[in-house]
Every structure is written in C-alpha cells, then in structure tokens.
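Source: prediction; values computed, not measured. In what follows, every chain begins at residue 1, and chains take the letters A, B, ... in the order their sequences are listed.
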2 protein chains.
Amino acid sequence: MSKSAVSPALTDLTADTPCCPPLAQSRIPAETATVLAPAFKALGDPVRLQLMSMIASAAGGEVCVCDLTPAFDLSGPTISHHLKTLREAGLVDAERRGSWVYYRARPAILRQLAGLLTIDPAAV
Amino acid sequence: MSKSAVSPALTDLTADTPCCPPLAQSRIPAETATVLAPAFKALGDPVRLQLMSMIASAAGGEVCVCDLTPAFDLSGPTISHHLKTLREAGLVDAERRGSWVYYRARPAILRQLAGLLTIDPAAV
DNA sequence: TGTCGAATTCGATGTTTGTCGAAACCAAGG
DNA sequence: CCTTGGTTTCGACAAACATCGAATTCGACA
C-alpha cells in the first residue's frame, strides 16, 4: 500500500525542504510548475478537496476509508479513485491495518503549496 | 473586458473576508469546497501556474499579454484560453488599455487559498 | 480452508479539457 | 475609411477525467 507510488519527481519535493519562494515573489520555473501543478489539480475537485480536509483534520491524524465513503453520495470505487488521485499527487499516505485502510495527510507538501500562494501583506 | 464574468458565487469569496479556517483544522463544508475547488483546478495546469506566477510577480503589478504569450511554445489562442480560465476562477483581472490587455493578480483569493492550506506548525 | 467484508482494480461510457487554425473583434494610425 | 497588429472567440479533435458496476485482492475469522 505504501507502494502507492508518488511520482519520483514529487518525492523530492515532499521533503521538508523550504523550497520555492512565493509564486508572487519570483516567476516559477517551468519544471517547478510541472511538478507542483498536479498537486493543485488534485485539490481542484470538490470531492477531493473535502476528502483532503476530512483526512487532514482528522482526530488522531488519520481516517479510515470506511468513514470517508459514507460521507458522499458516490460509489465506493469512485471514492477510492479520488483517494488514489490524492495519493499520486503526494498529498496523502495510505496504510492498511487489518481489514481497514487509513489515510493521513502529508503536511510538508501542504505547507509547500501554502507557501507558494502566500502573498506579501504589503501587497494590496 | 471587466465583464470577464467571475462566477457570482466566487465574487462573494474574492472579498477580503478572512473566510474559512484551514482545511486541516476543521472539515470543509461541501459548498465551500464547491466554490473553492475551481480556483485550485485553475492552478492545476503547469502553463496556468506559470502564467499566474508571471502575473502575480510582475513589476508594477501587471503584465501585458504580449509579454506572456512569447514565454511559451503555445499558440496565442491557447494562452488566451488559459488566461480566461484564470479569470473565470477569480484569480486574475484583465483590463484593456489601447491595443494591449493587461492582467493583474487578485491577492484576496490567493491569500484565501493559502490560508486554507496552512498547516499548524505544531503538526509534524 | 472457505467465506465474509473492506478496499482496490478493471472496463466501459459520457463529459471536460488542452490544443490548434480560422475567423472575428477592436483600437491605433495611415 | 481602410489596413494593421494584438487579443479573443469559434469549431474541431484527441486525450484525460469522473463515474459506475463487475471482478479482484486481501485480511480476519469461523
């Protein structure tokens, strides 16, 4: 399950390196954009944005898929597909324990995305 | 040009209201996800992410389309299409002055997105 | 070992997206 | 007024996506 194969390029960036200055401070290099865009894309769906929030805000830092699925009017496979998308974007990690699978957020990349969007308070 | 029609729901959110607590702090309501996801989606393409950065980091706070287009190996219509996507997501504003069109970032919504992704430093 | 339940993978389908060239629009200057 | 250059809109098309039901995998536990 931990095989959940984050793309090689992404693994580098999920490290706790401060990385990239804010998007509004200096022009993003093409490679950086190519690597980070998929993370934004993954958050660009209402269902996945909610899933991400449910996972990231979960008490204990993790959530069982069995708690995520019933929160939506969607089939199990569809939720599983969205979770895979979040996984491949490097936003979450999955771990199987017994019959259940638990998801947790990857704070490093979330911080990275937040940092990228950060705007100098001086800027109107 | 200012007609560039941000969806009505979005205009509310582009206000400077602090809005929404971080995604990792409390579960995002479905409506909030529905309203904000399109903004992330718009940033979820490498070309648009670069465009956004070029616009947001521009000296003087604005950039001419004529400076954006030649920075990519893409046709004019394609760049224009991406700019429209950013506009409709409420991320940028366009203004025509003479023959040229200038784009500027909308800091409020960027701050909002950044805030949503913000992670409590205490969280590992 | 056989079955049950949880989750993922597979295959199919209708929709959305990124891209282009052609055409239209619009302001500036001859 | 007519042309020219910058930008957007239109129409088309292949690739990617969201969704589902069916089939599969994987532990747990009789």
Side-chain angles (χ1 to χ4, degrees), chain A residues 1-7 30 33-34 37-52 54-55 62-89 91-104, chain B residues 1-7 30 33-34 37-52 54-55 62-89 91-104:
Chain A
M1 186 57 62
S2 294
K3 59 145 177 58
S4 80
V6 164
S7 89
T34 303
F40 284 119
K41 188 182 206 169
L43 295 176
D45 177 279
V47 173
R48 287 195 295 266
L49 196 52
Q50 283 181 84
L51 283 171
M52 188 68 225
M54 294 176 74
I55 296 169
E62 62 179 15
V63 188
C64 176
V65 173
C66 61
D67 288 329
L68 297 173
T69 305
F72 299 86
D73 258 354
L74 293 171
S75 70
T78 296
I79 296 298
S80 187
H81 158 72
H82 283 305
L83 289 171
K84 181 180 190 176
T85 301
L86 290 174
R87 242 158 47 216
E88 288 176 347
L91 290 163
V92 300
D93 256 339
E95 183 194 356
R96 168 158 231 145
R97 284 205 304 279
S99 302
W100 294 274
V101 176
Y102 296 86
Y103 278 77
R104 23 186 4 119
Chain B
M1 185 60 58
S2 296
K3 59 142 175 62
S4 81
V6 165
S7 88
T34 303
F40 285 119
K41 187 183 207 169
L43 295 175
D45 177 278
V47 173
R48 286 194 296 266
L49 196 50
Q50 284 182 82
L51 283 170
M52 190 68 225
M54 294 175 74
I55 295 169
E62 62 179 15
V63 190
C64 177
V65 172
C66 61
D67 289 328
L68 297 172
T69 306
F72 300 86
D73 257 354
L74 292 171
S75 70
T78 297
I79 297 298
S80 186
H81 159 71
H82 284 306
L83 289 172
K84 182 179 188 177
T85 301
L86 289 174
R87 242 158 46 217
E88 288 176 346
L91 290 163
V92 301
D93 256 339
E95 184 194 356
R96 169 158 232 144
R97 286 207 301 279
S99 300
W100 295 275
V101 177
Y102 296 87
Y103 279 77
R104 20 186 9 119

T34(B) meets the side chain to side chain donor-acceptor pair (under 3.5 Å) criterion, sequence neighbours left out, with none
Sequence neighbours excluded, the answer for side chain to side chain donor-acceptor pair (under 3.5 Å) partners of H81(A) is none
Taken to the nearest 0.5 Å, the spacing of M54(A) CE from Y103(A) OH works out to 13.5 Å
Q: Give a yes/no answer on whether the side chain of Y103(B) brings an N or O atom under 4.0 Å of OP1 or OP2 in dT8(D).
A: yes
Compile the donor-acceptor pairs under 3.5 Å between side chains in residues 63-76 of chain A and protein atoms, sequence neighbours left out, one pair per line.
from, atom 1, to, atom 2, distance (Å)
T69(A), OG1, V65(A), O, 3.1
S75(A), OG, T78(A), N, 3.3
S75(A), OG, T78(A), OG1, 2.9

In this structure, NE2 of H82(A) is separated from CG of L49(A) (nearest 0.5 Å) by 12.0 Å
From NZ of K84(A) across to C1' of dT19(D) the rounded distance in Å is 15 Å
To the nearest angstrom, the CD1-P distance between I79(B) and dT7(D) comes to 12 Å
5' to 3', nucleotides 25-30 of chain C under a 4.0 Å protein heavy-atom cut-off (B base, S sugar-phosphate only, - none) gives --SS--
Sub-3.5 Å pairs of nitrogen or oxygen atoms, protein against nucleotides 12-19 of chain C:
from, atom 1, to, atom 2, distance (Å)
dT17(C), OP1, K41(B), NZ, 3.0
dG18(C), OP1, R48(B), NH1, 3.4
dG18(C), OP1, R48(B), NH2, 3.0
dG18(C), OP2, R48(B), NH1, 3.1
dT19(C), OP2, H82(B), NE2, 2.4

Between CH2 of W100(A) and P of dG5(C) the distance, given in whole Å, is 12 Å
note: E95(A), atom CD; dT8(C), atom C1'; distance rounded to Å ~ 17 Å
From CZ of R87(A) across to P of dA7(C) the rounded distance in Å is 12 Å
Heavy-atom nearest pair, A33(B) first then P46(A), reads CB-O, 3.6 Å
To the nearest 0.5 Å, atom CE of M52(A) lies from atom CG of L83(A) at 10.5 Å
Atom CZ of F72(B) and atom C1' of dC20(C) are separated, to the nearest Å, by 17 Å
Rounded to the nearest 0.5 angstrom, the CG-CD1 distance for L91(A) and I55(A) is 9.0 Å
One should read off an interatomic distance between F40(B) CZ and K41(A) NZ, to the nearest 0.5 angstrom, of 16.0 Å
Checking N1-N3 plus N6-O4 or O6-N4 for Watson-Crick, or N1-O2 and O6-N3 for wobble, each under 3.5 Å, the partner of dA30(D) is dT1(C)
